[in-house]
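Heads up: the structure comes next, in structure tokens.
Counting starts at 1 for both ligands and their atoms, following the listed order.
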Amino acid sequence: MADDLKRASRSGLGGVKVSFEFFPPKTAEMDAQLWEAITRLAPLRPKFISITYGAGGSTRERTHATVARIVKETMIRPAAHLTCVAASRAEVDAVIRGYWNAGVRHIVALRGDPAGGLGSTFEPHPEGYATSTDLVAGIRRVADFDITVSAYPEKHPESATIDADIDVLKAKIDAGANRAITQFFFDNAHYFRFIDRARARGVTIPIIPGIVPVQNFRQTSSFAAKTGASIPAWLARRFEGLDDDPATRRLIAAAVAAEQVIDLVDHGVTDLHFYTMNKADLVFAICHLLGVRAPVGEGVAS
Ligand code: FAD
């Protein structure tokens, strides 16, 4: 068989499907940037686009307004993130009902980070949902949503072991979750090992790899340190000496992300979730590389 048919990333037979994550904008300028990114990526027909929920519910209104606008103005299915930090069950249930009434049918359900910041202990609201599992069950009680949850290939920072995290994932599935998206990672071996362990423990739902194109290496490294994602030495070396050279950094970022997603697709991965940071270009290019394109005749925003 010719080499280009043996590799899914080259044959175009991988049938790659994508989803994109955005955060809700704070200012009019950020709003314009977000919609520019959505407009550029929408023709690629993502399975869904998801909108994050700020720490402690700080973006409650903005997340709602953004998903409601996506429902009204686009053909894409939005997924609204939701956490249970610093809110009673009644307040969280009101947000869930608000999403449903706005036409949203998909929630990404998360516990959220401790109100005291990463590294402190998570204290549930006295009348709130105590865990992400409780939240998933709560969402199921309100309406028949599609529910996505998180998974951590390198384990959640508060977790003792990866197997403990897989037990939590199983509990979330038993409560009603139908898919997981992973925390980002750079070494695909972490993802493959996690999938093997989760499947061996009876997890059958899709576990979609979360891909973060490195728009800014310093920012990504500091975020990775907080979330428990490791930065391999080879990755740091690739960005070494480029602090004052954004143009080369962008090219390296594209090469790094391309290498990662091509390897995933060649290993049989068909769904990819991109953390876009509300910027389209890099993600658009990676999708193009994988054969994820706008249907002919639909044109692409310039
Ligand atoms: P969980 O699966 O709830 O796990 C959290 C920790 O609690 C783990 O250590 C787990 O082992 C432990 N645990 C859970 N249940 C139990 C139990 N019953 N007994 C003992 N231990 C338990 N944060 C935001 O604020 N807004 C967002 O929009 C957002 N989106 C995200 C999207 C994705 C795809 C991912 C991967 C993360 C996102 N986060 C977001 C970050 C997330 O809120 C934090 O990582 C948070 O610390 C954990 O919440 P969780 O639901 O991901 O984890």
Between [X] (side chain only) and [Y] (backbone N and O only), is there a donor and an acceptor less than 3.5 Å apart?
{"X": "His267", "Y": "Asp263", "result": "yes"}
{"X": "Glu154", "Y": "Ser230", "result": "yes"}
{"X": "Tyr191", "Y": "Ile208", "result": "no"}
{"X": "Arg140", "Y": "Gly176", "result": "yes"}

List in chain and number order the residues that pass ring-ring contact (aromatic ring centres under 6.0 Å, His included) with Tyr53, two or more places apart in sequence or in another chain; answer none if no residue qualifies.
->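 ring-ring contact (aromatic ring centres under 6.0 Å, His included) list for Tyr53, sorted by chain: empty.
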Any non-hydrogen protein atom less than 4.0 Å away from atom 27 (C) of ligand 1 |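 True for atom 27 (C) of ligand 1.
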Short check: is a protein heavy atom less than 4.0 Å from atom 53 (O) of ligand 1?
->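 When distances to the protein are checked, atom 53 (O) of ligand 1 has a heavy atom within 4.0 Å.
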Identity of the nearest option to [atom], non-hydrogen atoms only, from [options]:
{"atom": "atom 40 (C) of ligand 1", "options": "Leu110, Thr59, Thr63", "result": "Leu110"}
{"atom": "atom 3 (O) of ligand 1", "options": "Ser150, Ser58, Ser132, Ser50", "result": "Ser132"}
{"atom": "atom 9 (O) of ligand 1", "options": "His156, Gln183, His273", "result": "His156"}

Within less than 4.0 angstrom of ligand 1, does [X] place any heavy atom?
{"X": "Asp113", "value": "yes"}
{"X": "Val168", "value": "yes"}
{"X": "Lys172", "value": "yes"}
{"X": "Gly112", "value": "yes"}
{"X": "Phe23", "value": "no"}

With heavy atoms under 4.0 Å as the rule, classify the contact between [X] and ligand 1 as side chain, backbone, both or neither.
{"X": "Arg111", "result": "both"}
{"X": "Tyr275", "result": "side chain"}
{"X": "Glu158", "result": "both"}
{"X": "Thr83", "result": "side chain"}

Check each atom of ligand 1 against the heavy atoms of [X] and keep those under 4.0 Å away; list them by number with element.
{"X": "Ile181", "value": "34 (C)"}
{"X": "Thr52", "value": "28 (O)"}
{"X": "Ser159", "value": "9 (O), 11 (O)"}
{"X": "Asp165", "value": "8 (C), 9 (O), 10 (C), 11 (O)"}

Side-chain heavy atoms of Asp113 within contact of Val85, under 4.5 Å |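 Side-chain contact under 4.5 Å: no.
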Min N/O separation Thr182 to ligand 1 under 3.5 Å |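 No - when backbone and side-chain N and O of Thr182 are compared with those of ligand 1, no distance drops under 3.5 Å.
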Look only at interatomic distance and state if Tyr152 has a nitrogen or oxygen under 3.5 Å from any nitrogen or oxygen of ligand 1.
->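 It does: an N or O of Tyr152 is found under 3.5 Å from an N or O of ligand 1.
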Mutual orientation of the aromatic rings belonging to Phe284 and His288 [parallel < 30°, tilted 30-60°, perpendicular > 60°] |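 If you compare the ring of Phe284 with that of His288, the planes turn out parallel.
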Anything under 30° is parallel, anything over 60° is perpendicular, the rest tilted; go ahead and classify Trp100 against Phe145.
->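 Geometry flag for Phe145 against Trp100: perpendicular rings.
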What protein heavy atom is closest to atom 24 (C) of ligand 1, reported as residue, atom name and distance in Å?
->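 Result for atom 24 (C) of ligand 1: Tyr53 O, 3.5 Å.
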When you measure from atom 18 (N) of ligand 1 to every protein heavy atom, which one gives the shortest distance, and what is it?
->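 Here the closest protein heavy atom is Thr131 CG2, 4.1 Å.
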With Ser50, which of Arg77, His106, His273 fulfils side chain to side chain contact (heavy atoms under 4.5 Å, CB included)?
->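 Checked Arg77, His106, His273 against Ser50; only one passes side chain to side chain contact (heavy atoms under 4.5 Å, CB included): His273.
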Glu73 CD: over 12 foreign heavy atoms closer than 6.0 Å |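 For Glu73, atom CD is crowded (more than 12 foreign heavy atoms under 6.0 Å).
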So if you build clusters from Ile, Leu, Val, Met, Phe, Trp, Tyr with side-chain heavy-atom gaps below 4.5 Å, do [X] and [Y] land together?
{"X": "Tyr152", "Y": "Val149", "answer": "no"}
{"X": "Phe184", "Y": "Leu264", "answer": "no"}
{"X": "Leu44", "Y": "Phe274", "answer": "yes"}

